[in-house]
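Since this is a predicted model, take the numbers as computed values, not measurements. Residue numbers start from 1 in every chain, and the chains themselves are labelled A, B, ... in the order their sequence lines are given, proteins ahead of strands.
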There are 2 protein chains.
Amino acid sequence: MTESKSRRRGAELERAILDAAWAELSELGYARFTVEGVAARAGTSKPVLYRRWKGRAELALAAWSRRVPVSDEVLDTGALRTDMIALFTHLSRRAGAMMTEIVAGVMADAFRHPEVAELLRERLARPFSLTETVTAVVNRAVERGELPPVELPHRAARAPLDLVRNEYITCGGGPLDEAVIAELVDDVYLPLLRGLGSACTD
Amino acid sequence: MTESKSRRRGAELERAILDAAWAELSELGYARFTVEGVAARAGTSKPVLYRRWKGRAELALAAWSRRVPVSDEVLDTGALRTDMIALFTHLSRRAGAMMTEIVAGVMADAFRHPEVAELLRERLARPFSLTETVTAVVNRAVERGELPPVELPHRAARAPLDLVRNEYITCGGGPLDEAVIAELVDDVYLPLLRGLGSACTD
DNA sequence: ACCCCTAAGATACGTTGCGTTTCTTATTGA
DNA sequence: TCAATAAGAAACGCAACGTATCTTAGGGGT
């Protein structure tokens, strides 16, 4: 009755399900994210979901992947330090609480189901435009003369996201404090960049 | 029958339970770690456990905390880089897979039960002797003249563990590859240390 | 325009594991 | 000696996973 309108199929249905899944994730978090809940919200039933995804972890990842945010516009505040503060702040909002909970939850499930671990790794490895963004910011600093010429290794370019994620993991909870971001930038990341530049000192 | 010998109580019983819990964690991982399993292994029953810990997350944390590994002996290989490789390798073995799985699992539970989040944070914040170890290694390097005098900020001292943990999270699975460790040391951590030293260059 | 076959939707099931309740019985210690 | 305390055993209710069964809608080929 509720849905005697029309029976959705294929791609349309899939979109509806993933939208519902994302809504559940956003409202409840992964911990309270249930397959039944998604089915109910999408106005369909569990078997329909299980025909498409192997379990709740895969469903959550699929929903998350559709929302790849990204395209971090390259901000230019005029100085390296403030650029970095802005970048870290941006990351901490974008990639913060939601992502950490999903990652934690999916990861926990992944230890049971190795296939899921693989999917998660793919999702996390996707560096979206981060590498490019960081490189751009650093290059600008080099041009300005704030840094000696730097060859930015892959891991160093990824480090901002890693630092932010780590902070979430170990300190849980809310969005990152300004003071914390300042520490990450001043005590870790800027020194790292300076160190990369002065590689000739050894 | 099995235990008509003597009914354990108090501290003795608690030790037995936590030993059993640790054994379960080690053999099965957090994903397959169950309260029932621990009770069975310890030769007792669930209510006894629930009288002491609020749930399986707390139980796992308690078991883990008893095993504070630690006392990383301060190794001295004669050079900063090899010291660091050794330290990272040590961390990757000690704190690696097991810890990551526990953290992921407990964290997932923690999103449901905020009290658990607090416990987890305490546990993670405990820097065991890591800070001291890193500081010692760095100080030796300074004495040798490999680094300019460095004031090591807290976050920089913790970074090795963070880097290792991150690698586990994003790359999953087994113990860290030698090559990966070398990258972490050469591309990230040593530059960071050099950068901290050359703070005067700005 | 018809019919068939695929896939959607509904329902109900079996299982696992959490956390609880109830009751019995051993041990401690006053 | 005996009462209070806590251990041990068994069973329960609940939530959620993942599955199996069945009915029915509607798209596509003829």
ask   = Does the ring of A:Phe111 carry B:Arg32 above it, NZ/CZ under 6.0 angstrom from centre and within 45° of its axis?
value =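 That pair does not qualify as a cation-pi contact.
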key: Cationic tip of B:Arg66 above B:Trp22 ring, under 6.0 Å, 45° of axis   =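 No, a cation-pi geometry is absent between B:Arg66 and B:Trp22.
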inquiry  = Using the rule side chain to side chain contact (heavy atoms under 4.5 Å, CB included), only one of A:Thr77, A:Val185, A:Val134, A:Leu161 pairs with A:Leu87; which is it?
reply    = A:Val134
d([atom1], [X]; [atom2], [N]) in whole Å:
{"X": "A:Leu28", "N": "D:dA16", "atom1": "CG", "atom2": "P", "value": "10 Å"}
{"X": "A:Arg9", "N": "D:dT24", "atom1": "CZ", "atom2": "P", "value": "15 Å"}
{"X": "A:Arg52", "N": "C:dA7", "atom1": "CZ", "atom2": "P", "value": "9 Å"}

remark   = A correct 5'-to-3' footprint of nucleotides 13-25 of chain C, with B, S and - meaning base, sugar-phosphate only and no protein heavy atom under 4.0 Å, is ----SBBBB---B
task = Go through the steps for A:Glu12 and A:Arg8 under the test salt bridge (charged side-chain N to carboxylate O under 4.0 Å, His left out), then give the verdict.
result = CA-CA 6 Å; A:Glu12 182 196 358; A:Arg8 294 157 302 178; 5.4 Å; no
query = B:Arg41 versus B:Glu27: any side-chain heavy-atom pair under 4.5 Å?
reply = yes
ask   = Do A:Arg56 and A:Leu49 have side chains that get closer than 4.5 Å, going by heavy atoms?
value = no
message = I need the residues from residues 14-24 of chain A with at least one non-hydrogen atom less than 4.0 Å from DNA chain C; give them sorted by number, or say none.
response =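 Within this stretch, nothing sits under 4.0 Å of the strand.
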inquiry  = Check B:Arg140 with B:Glu143, please: is the shortest side-chain N to carboxylate O separation under 4.0 Å?
reply    = no
inquiry  = Less than 4.0 angstrom between a side-chain N/O of B:Arg8 and OP1 or OP2 of C:dT28, yes or no?
reply    = no
inquiry  = Does a side-chain N or O of A:Thr44 approach OP1 or OP2 of C:dG9 to a distance below 4.0 Å, or not?
reply    = yes
query = Would you find a donor on one side and an acceptor on the other, under 3.5 Å apart, between the side chain of B:Asn166 and the backbone of A:Asp162?
reply =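 Such a contact is found between B:Asn166 side chain and A:Asp162 backbone.
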query = For B:Gly78, does its backbone N or O pair with a side-chain atom of B:Arg144 as donor and acceptor, under 3.5 Å?
reply =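 Indeed, once roles are kept as given, a pair shorter than 3.5 Å links the two residues.
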ask   = Looking at five pairs on each end of the helix from C:dA1-D:dT30 to C:dA30-D:dT1, what is the angle between the two axes, given to 10 degrees?
value =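 So the angle between the two local helix axes works out to 10°.
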task = Could you tell me the separation between the NE2 atom of A:His154 and the OG1 atom of A:Thr135, rounded to the nearest 0.5 Å?
result =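 Reported to 0.5 Å precision, the distance equals 9.5 Å.
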